[in-house]
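Everything on this sheet refers to the single structure shown next.
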There are 2 protein chains.
Amino acid sequence: MTIEDAGTAPARRTTLADVARQAGVSTALVSLVMRGAPGASPANREKVFRVARELGYVPDSRARALRQGRSQLLGVMFHVQQPFHADVIEGVYEAAEAAGYDVVLSAVTDSRSEDKAIGTLLADRCEAVILVAPQSSREWLAEVGGRLPTVVLVRHVRHPDLSVVRAADMKGLGLAVDHLVGLGHRRIVHVDGAGSPSAEQRRRGYRAAMARHGLEPRIVRGGWAEINGSQAVEQLLAEGDLPTAILAFNDPCANGVLSTLQRSGISVPEEVSVVGFDDTHLAGFSHIGLTTVRQDAGQMARMAVGRAISLVERKDDPEMHRDGVVVPDLVVRGTTGPCRQ
Amino acid sequence: MTIEDAGTAPARRTTLADVARQAGVSTALVSLVMRGAPGASPANREKVFRVARELGYVPDSRARALRQGRSQLLGVMFHVQQPFHADVIEGVYEAAEAAGYDVVLSAVTDSRSEDKAIGTLLADRCEAVILVAPQSSREWLAEVGGRLPTVVLVRHVRHPDLSVVRAADMKGLGLAVDHLVGLGHRRIVHVDGAGSPSAEQRRRGYRAAMARHGLEPRIVRGGWAEINGSQAVEQLLAEGDLPTAILAFNDPCANGVLSTLQRSGISVPEEVSVVGFDDTHLAGFSHIGLTTVRQDAGQMARMAVGRAISLVERKDDPEMHRDGVVVPDLVVRGTTGPCRQ
DNA sequence: CTTGACCCCTAGAACGTTTTAGGTCGCGTG
DNA sequence: CACGCGACCTAAAACGTTCTAGGGGTCAAG
């Protein structure tokens, strides 16, 4: 062990024992005071606080969790590029804090898979996890559910170990189709979510609504990102068969649709109407204002947190096995208008 | 302690000792095997792996970090509603993983302040933190920097305890102004970032560039979000004094500007040109395609991680005290065009 | 046969907390 | 005076890991 030891450990942070020594009391007492527990004299209490502040003491959450045997931690897996997930996270923080839980985020990115994201949540000893729009296989989700309380958000999956919170997707697409039909549209295409969570349900909702109106459904492969909407429009243009209305899988996808239509000199909503899904708070600012199906992120987040905590505290509420369904509504903005053909 | 003890602890997860017992070896050996360290016979290695898998053992990262005296953790504070921050996070994960560090995210939301976000990073015993576009006071940032290695991203702040990574904002706004002037614009307004990080530098860059061209600068109060751009345009309209070009503080702000212009029947870029800043990967999909000043999020993330780790390993590189500057470039898309007045 | 080197393994301490079980004081009461 | 009680405090054990120090083998060399 030489002086220039490579990979030097970082400076030691100040600990409970440091504070105790400096204040001339036991670590147990410092612990009491820091937690605001009763059983310390006002004099000592004040002294400990003063010393702790002087030394810049911050309790080590890991040691605390380790000793307590529980972390009070709620893990959240989300996709970092999805604006809707950002809205959910806001809500999760709020609800978790109110319930006395901490939140640990684990992002999915191009280079970081869902497996890895979930793996770190397990290693962090979360007491429950909330998976936002997971794309993993049903089997893997079920395995996670078998390990610890798991709430799945915005995805249809039925399994006794998984608690699901989602929007009424069928209903949502029904609203959108009704709106467009009301405006006189008959050639309405659905740019779907391909293999994305809940894409299947939205396709079903679209087909059912079209059938209800006696219209021919037409589905073009899309996805959850801008690029997918963009490519779908390119395909439609290449086929020379543009509909009068496009129903996109979600807001980012709708954005891609709008972008490529605009670039191709096709005006919205005069020539083509476009509808999104989610109503991320960005949707209202897409220049024209995107007409979209709103699913309330805050409400979904609260439901998810509520369920996660119920599961942790083992109140074996049968309600947990039923899907928590949020009713969507249609927000009409500038990207839809009367059919002119 | 009755049976129906409220607040039941969550089910105990399987531990090193469980695996050891089941496999008939010591915990030390299991630890060895799990870490892939040398010193175990092939037979035992295989047996331990098998048992660990059977029991679904996942090492407890907290206990591990506690014992090792270091967490290998990089904390990142970011604003959850900023698309640019999402881009940064992608890069941070990638760079950190390559360097053998883990990442812990701490989001700032409407209901969760920067103080709180930083506080949890401290409690999690991160070895270094990366603060993305912090809005906190210089003093508070300096205090954080005094506690542990701190890299500040996308904000101008000079302090010996803070390492800064940022874009050349002056240069960036210069590029934008030059571009607009080249298109014939003379009445160019800057919708600024108000008190946002680096807003001051961008104002300076704007003023300098305008002066260089002998033009009268005009700054309208904005902010980092869509709503701010929107309100700025409303103000300009109310004053009945619309310029021919608007330079927004960042992409979301530019989006707000575009949205409100469009809603007011003003066409872009025919009547007004608009330029953003950041080039989040959303910018290319804003219907028309936003002309914007690109700052490379990936490169900034890599620089930030590199610096954070240098600081942790106490290579006292004087380079760390110099700002890490990324050179921005202009991405011309559809929101800027020749001046027609 | 001793020695030492090597390989495989384990006991036990440590990390920074919380918690349990108890200890010491001062004081009012029987 | 003895006793009990409450208020305040502390020693020491845990939590799940990693790591240090060392224990027992086996085997080759002296």
Side-chain angles (χ1 to χ4, degrees), chain A residues 1 5 7 9-48 52 55-73 102 122-127, chain B residues 1 5 7 9-48 52 55-73 102 122-127:
Chain A
M1 183 95 139
D5 184 10
R12 207 177 60 81
R13 300 276 270 281
T14 113
T15 158
L16 210 48
D18 298 332
V19 178
R21 198 174 322 112
Q22 186 77 15
V25 297
S26 71
T27 59
L29 187 63
V30 178
S31 173
L32 276 184
V33 172
M34 294 311 293
R35 281 175 292 138
S41 68
N44 266 336
R45 196 172 286 273
E46 201 259 344
K47 190 200 303 182
V48 167
L55 300 186
Y57 171 68
V58 177
D60 184 327
S61 64
R62 301 165 309 176
R64 188 202 301 259
L66 186 58
R67 167 62 236 226
Q68 287 184 150
R70 59 177 309 184
S71 60
Q72 302 259 78
L73 229 45
D102 281 333
L122 289 176
D124 284 344
R125 288 295 185 270
C126 294
E127 296 184 16
Chain B
M1 184 94 137
D5 183 12
R12 206 177 60 82
R13 300 275 270 281
T14 114
T15 158
L16 211 47
D18 298 331
V19 178
R21 197 173 322 111
Q22 186 78 14
V25 297
S26 70
T27 59
L29 186 63
V30 178
S31 173
L32 276 184
V33 171
M34 295 309 294
R35 280 175 292 139
S41 67
N44 266 336
R45 197 172 286 275
E46 202 260 344
K47 191 200 302 183
V48 167
L55 300 185
Y57 170 68
V58 177
D60 184 326
S61 65
R62 300 165 312 177
R64 187 203 297 260
L66 186 58
R67 167 61 237 228
Q68 286 184 150
R70 58 177 308 186
S71 59
Q72 302 260 81
L73 229 44
D102 281 334
L122 290 175
D124 284 345
R125 288 297 185 270
C126 294
E127 296 184 14

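Owing to the predicted nature of the structure, the values given are computational and were not obtained by experimental measurement. Chain naming here is simple, since letters A, B, ... match the order of the sequence lines and numbering starts at 1 in each.
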Side-chain touch A/Arg64/A/Met34, heavy atoms, less than 4.5 angstrom:
no
Pull out every protein N or O sitting under 3.5 Å from an N or O of nucleotides 17-20 of chain C, one pair per line with the distance.
{"from": "C/dT17", "atom 1": "OP1", "to": "A/Tyr57", "atom 2": "OH", "distance (Å)": "3.0"}
{"from": "C/dT17", "atom 1": "OP2", "to": "A/Thr15", "atom 2": "OG1", "distance (Å)": "3.1"}
{"from": "C/dT17", "atom 1": "OP2", "to": "A/Leu16", "atom 2": "N", "distance (Å)": "2.7"}
{"from": "C/dT17", "atom 1": "O5'", "to": "A/Tyr57", "atom 2": "OH", "distance (Å)": "3.2"}
{"from": "C/dT18", "atom 1": "OP1", "to": "A/Arg64", "atom 2": "NH1", "distance (Å)": "2.9"}
{"from": "C/dT18", "atom 1": "OP2", "to": "A/Ser31", "atom 2": "OG", "distance (Å)": "2.4"}
{"from": "C/dT18", "atom 1": "O2", "to": "A/Arg67", "atom 2": "NH1", "distance (Å)": "2.7"}
{"from": "C/dT19", "atom 1": "OP2", "to": "A/Arg35", "atom 2": "NH1", "distance (Å)": "3.1"}

Considering only heavy atoms from C-beta outward, does the side chain of A/Ser71 approach that of A/Asp124 to under 4.5 Å?
no
To the nearest 0.5 Å, how far apart are CZ in A/Arg13 and CD in B/Glu127?
9.0 Å
Rounded to the nearest 0.5 Å, the OG1 atom of A/Thr14 sits from the CG atom of A/Asp18 at a distance of 5.0 Å
In the structure I gave you, are the side-chain heavy atoms of A/Asp102 and A/Gln72 within less than 4.5 Å of one another anywhere?
no
Could you write nucleotides 22-27 of chain D as a row of B, S and -, 5' to 3', where a protein heavy atom under 4.0 Å of any base atom gives B, of only sugar-phosphate atoms gives S, and otherwise -?
------
Starting at atom CZ of A/Arg45, determine the distance to atom C1' of D/dC9, rounded to an integer number of angstrom.
13 Å
Between the CG atom in B/Leu32 and the OG1 atom in B/Thr27, the distance rounded to the nearest 0.5 Å is 9.5 Å
Can you check side chain to side chain contact (heavy atoms under 4.5 Å, CB included) on B/Leu73 and A/Arg62, steps first, answer last?
CA-CA 12 Å; B/Leu73 229 44; A/Arg62 301 165 309 176; 5.8 Å; no
Rounded to the nearest Å, what distance is computed from the CG atom of residue A/Leu29 to the P atom of nucleotide D/dC8?
11 Å
What distance do A/Gln22 atom CD and A/Leu55 atom CG have between them, rounded to the nearest 0.5 Å?
5.5 Å
Taking B/Ser61 for its side chain and A/Ala123 for its backbone only, find out whether a donor-acceptor pair lies under 3.5 Å.
yes
Tell me the bend of the helix from C/dC1-D/dG30 to C/dG30-D/dC1 as the angle between end helix axes, each from five pairs, rounded to the nearest 10 degrees.
70°
When rounded to whole Å, the CZ to P distance for the pair A/Arg62 and C/dA14 reads 19 Å
Measure from CZ on A/Arg70 to C1' on D/dA14 and round the result to the nearest Å.
18 Å
Name the nucleic acid region contacted by A/Ala40, choosing base, sugar-phosphate or nothing; use a 4.0 angstrom heavy-atom cut-off, strictly under.
sugar-phosphate
Nearest 0.5 Å, what's the OG-NZ distance between B/Ser41 and B/Lys47?
8.5 Å
Answer yes or no: is there a side-chain heavy-atom contact under 4.5 Å between A/Val58 and B/Arg125?
yes
Roughly, in whole Å, what's the span from CZ in A/Arg12 to C1' in C/dA14?
13 Å
